[in-house]
Amino acid sequence: MNLKDLYIDYFISLGHKQIPSAPVVPENDPSVLFNTAGMQPLIPYLMGQPHPYGTRLCDYQKCIRTNDLDEVGDTTHHTFFEMLGNWSLGDYFKDESITWSFNFLTKVLNIPKEKLAVTVFAGNDDIPFDKVSFDKWVSLGISEDRIAKTVEDNFWIAGESGPCGADTEIFYFRSNDDIPKVFDPDDDRWVEIWNNVFMEYLKKDGKVSILPKKNVDTGMGVERTTAILEGVNDNYLSSIWKDVIELISQISGIKYEDNPKSMRIIADHIRTAVFISSDYAGIKPSNTDQGYILRRLIRRAIRHAFKLNIDINSDWEKQIASLIINKYKKYYKELSDNELVVYEVLKNEKEKFNKTLEKGIKEFEKIVNSLNGNIINKDLAFKLYDTYGFPIELTEELASEKSLSVDTIGFKEKFREHQEKSRTASQGKFKGGLAGNSEIETKYHTATHLLNAALKQVVGFDVHQKGSNITDERMRFDFSCDHKLSDDEKAKVEQLVNKWINDSIDVKCTEMKKDEAIKSGAECMFIEKYPDIVTVYSIGDISKELCGGPHVKNTSEIGKFKIIKEEASSAGVRRIKAIIE
Ligand code: SER
């Protein structure tokens with residue numbers, strides 16, 4: 001049995017209810033892009049709201065931390081990880097929590113207690129020394145020499161405000177050296193594996209108050225603990241990663257020892273990209289927020305695949321993603337539900353980046369060769385971004401490999417100016433477009449939604465809109481699709497659209513919060529372009545899309561729909577031209 005199953009079974013046997021992992025994007029905290037800890041989705045309950053599953057909970061939670069993204073490539077850093085957690089919401093407190101953690105480690109995982117050490121809260125002006133935890137550890141047989149007291153490292157809060165409290169951290173001696181008698185938390189042979197936070201306070205506007213209930217929040221990282229249990233010093237050699245690394249080695253024909261850094265980056269980044277793009281939040285690569293992280297991860301993975309001489313045009317990324325999906329789908333249903341979406345996101349982004357990657361690398365070399373000094377200026381960095389699609393962080397990474405630096409601050413200013421200009425331009429265009437919408441254009445607009453829905457039914461649900469253009473004379477619709485449509489497919493799509501037109505279906509417009517709209521299954525092309533409150537147009541139960549409109553009130557107003565041309569638009573994208581008669 002693996003660590004996750006052992007953990008969940010153990011806490012269920014102690015009266016806990018297993019709760020499902022929340023999506024990677026926090027549902028109630030817009031201040032962070034991703035869930036970074038198991039407790040994040042539970043904040044309202046730690047604050048006092050009753051949880052529908054009761055007062056004892058446990059789970060494994062998908063977490064993403066991107067502050068260390070550039071560190072990935074060494075033996076321990078990951079952008080995605082799973083956190084095991086058990087919680088008491090005003091139920092048990094320090095005594096049970098510490099006892100159960102100790103028993104799980106020593107009796108279920110059979111870790112000798114001599115290999116464990118702990119830290120407890122030393123006390124400050126506001127909160128006293130945590131004597132209860134200290135005494136508990138001693139009573140369980142942890143020698144006083146192996147209990148360190150700290151202030152800074154033994155108070156836990158997610159960010160600046162929220163539920164918080166003193167914690168006790170459990171460390172494991174990850175080395176073959178003799179174990180020192182006295183525990184030093186700064187000695188990095190000791191690695192932290194579990195953190196038990198006793199959440200009894202609330203920090204708000206710098207002030208600390210008492211929460212209505214005393215809670216426990218614990219967190220244990222799956223990757224790290226698995227590596228420890230398997231006795232490996234490189235996380236990527238544990239059972240979590242071994243087969244992924246082997247596959248990358250097989251695809252590239254390069255041994256792990258010969259370029260472990262690039263292999264770890266590919267393994268880590270593709271896994272995180274799989275979890276982001278399969279999440280029900282529906283994130284797609286973009287230039288902002290979560291979408292930008294997804295883009296950076298995929299592009300960095302591609303660049304390292306390039307370094308390993310992998311044929312970028314082969315389906316290497318799909319092979320790796322498929323292995324990851326198969327490993328995890330038992331635990332996360334979204335991976336099976338959205339398997340095709342994941343492959344499509346990876347492939348589309350790869351195709352986009354691959355067009356410019358090689359030229360961009362050449363341009364970079366050229367820049368390096370003609371550089372006066374050792375700083376890549378903002379204009380050059382912006383050119384790499386704008387013309388070759390290099391995220392600034394990628395330029396920084398390339399630069400640091402050559403011991404150069406980049407004027408990132410200047411780049412960001414230039415980037416903002418550029419954004420400002422294009423926003424103004426697109427707003428102007430949008431206004432003009434709306435104002436100029438004729439009756440026939442409105443009909444075409446609704447026909448576009450019907451065509452999108454029909455393509456999904458006939459060609460496959462992984463068809464997504466990639467663009468559209470409407471004039472008084474015709475509509476043009478671009479969509480993701482890997483093949484030329486057959487005559488039969490075209491005929492079926494046309495018939496379906498006309499059937500829906502003949503069915504005289506009402507078109508409804510509702511306003512809702514963007515995340516609710518996405519959760520309800522509404523389609524949208526560029527999620528990051530929409531404000532928090534969006535309009536959603538529904539056509540019966542056939543189509544639901546985020547859209548600015550305008551649309552006809554009933555499909556019967558459209559007229560007869562006819563496809564006049566189907567052709568390739570770009571790699572993986574087809575284009576349909578159609579008219580209304
Ligand atoms: N919230 C604590 C942590 O992330 C314990 O789960 O370490």
Side-chain angles (χ1 to χ4, degrees), residues 3-4 7-8 10-11 14 16 18-22 24 26 28-29 31-47 51 55-68 76-94 96-98 100-102 104-105 117-121 127 130 133 148 150-172 185 190-203 208 211 213-226 228:
L3 176 62
K4 266 191 308 235
Y7 182 93
I8 298 294
Y10 180 73
F11 281 98
L14 294 167
H16 293 66
Q18 184 186 355
I19 52 170
S21 174
V24 287
N28 46 32
D29 187 355
S31 64
V32 284
L33 292 179
F34 295 108
N35 274 318
T36 56
M39 55 76 76
Q40 225 142 12
L42 291 168
I43 291 176
Y45 310 103
L46 292 163
M47 308 265 284
H51 192 286
T55 55
R56 293 185 182 192
L57 312 173
C58 63
D59 76 0
Y60 42 86
Q61 168 67 42
K62 303 189 280 188
C63 298
I64 293 180
R65 290 189 186 174
T66 53
N67 46 342
D68 286 339
T76 56
H77 281 93
H78 312 296
T79 47
F80 169 89
F81 64 99
E82 293 172 280
M83 195 185 269
L84 298 166
N86 60 282
W87 289 273
S88 155
L89 301 173
D91 191 313
Y92 57 85
F93 206 45
K94 295 181 182 176
E96 294 89 334
S97 170
I98 291 175
W100 293 340
S101 292
F102 181 77
F104 181 71
L105 294 173
V118 301
T119 57
V120 298
F121 185 62
I127 301 161
D130 186 1
S133 296
T150 87
V151 177
E152 299 278 284
D153 292 339
N154 283 103
F155 193 85
W156 201 90
I157 182 162
E160 293 295 312
S161 57
C164 53
D167 64 2
T168 178
E169 297 185 335
I170 309 173
F171 289 69
Y172 174 88
W190 288 100
V191 291
E192 186 214 324
I193 52 171
W194 205 343
N195 185 12
N196 293 22
V197 187
F198 304 116
M199 289 196 160
E200 46 185 328
Y201 305 105
L202 174 69
K203 194 168 170 198
V208 176
L211 281 171
K213 286 179 186 149
K214 287 180 193 301
N215 310 300
V216 175
D217 152 42
T218 90
M220 182 201 278
V222 172
E223 284 64 15
R224 194 184 283 180
T225 310
T226 302
I228 280 167

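Here the structure is a predicted model, which is why all the values come from computation and not from measurement. Side chains included, hydrogens not; waters and symmetry mates left out as well; all remaining heavy atoms used. We number each residue from 1, following the sequence as shown. When a ligand or atom number is given, it counts from 1 through the structure's own listing order.
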J.: Between Leu57 and Tyr45, does a side chain to side chain contact (heavy atoms under 4.5 Å, CB included) hold up when you go through it step by step?
T.: CA-CA 11 Å; Leu57 312 173; Tyr45 310 103; 5.9 Å; no
J.: Identify the closest protein heavy atom to atom 4 (O) of ligand 1: which residue and atom is it, and at what distance?
T.: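 Here the closest protein heavy atom is Trp156 CZ2, 3.2 Å.
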J.: Just which atoms of ligand 1 are under 4.0 Å from any heavy atom in Val197?
T.: 2 (C), 5 (C)
J.: With heavy atoms only and a cut-off of under 4.0 Å, state how Asp167 meets ligand 1: side chain, backbone, both or neither.
T.: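 Neither part.
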J.: Under a plain distance cut-off of 3.5 Å, with no hydrogens placed, do Thr218 and Trp194 share a side-chain donor-acceptor pair?
T.: yes
J.: Please confirm whether Phe93 and Phe198 have ring centers closer than 6.0 angstrom.
T.: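 Centroid distance Phe93-Phe198: below 6.0 Å, so yes.
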J.: For side-chain hydrogen bond (donor to acceptor under 3.5 Å, both in side chains), just list the numbers for Asp153 and Thr150, CA-CA rounded to whole Å, side-chain angles, deciding distance to a tenth of an Å, and then say yes or no.
T.: CA-CA 6 Å; Asp153 292 339; Thr150 87; 4.8 Å; no
J.: Under 4.0 Å from a heavy atom of Gly219: give me the atoms of ligand 1 that qualify, with their elements.
T.: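 Listed by number with element: 5 (C), 6 (O).
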J.: At less than 4.0 angstrom from any non-hydrogen atom of Thr218, what atoms of ligand 1 do you find?
T.: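 Atoms satisfying the 4.0 Å criterion: 5 (C), 6 (O).
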J.: Of the protein's non-hydrogen atoms, which lies at the shortest distance from atom 7 (O) of ligand 1, and what is that distance?
T.: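 Going by distance alone, atom 7 (O) of ligand 1 is nearest to Asn195 ND2, 3.1 Å.
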J.: Say whether Asn196 and Thr168, considering side chains only, have a donor N or O and an acceptor N or O under 3.5 Å apart.
T.: no
J.: Does Met83 reach ligand 1, in the sense of a heavy atom lying below 4.0 Å from it?
T.: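 Yes; Met83 lies near enough to ligand 1 that a heavy-atom distance drops under 4.0 Å.
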J.: List ligand 1 atoms under 4.0 Å from Ala37, heavy atoms only on the residue side.
T.: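 Selected atoms, number and element: 4 (O).
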J.: Suppose I only count heavy atoms of Met39 and a 4.0 Å limit; which atoms of ligand 1 are within that range?
T.: 1 (N)
J.: Passes side-chain hydrogen bond (donor to acceptor under 3.5 Å, both in side chains), Trp87 versus Asp217? Steps please.
T.: CA-CA 5 Å; Trp87 289 273; Asp217 152 42; 2.9 Å; yes
J.: Among all protein heavy atoms, pick out the one at the shortest distance from atom 1 (N) of ligand 1; state its residue, atom name and that distance to 0.1 Å.
T.: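 For atom 1 (N) of ligand 1, the nearest protein heavy atom is Asp217 OD2, 2.7 Å.
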J.: Going by atom types alone, do Ser88 and Asp91 pair a side-chain donor with an acceptor below 3.5 Å?
T.: no
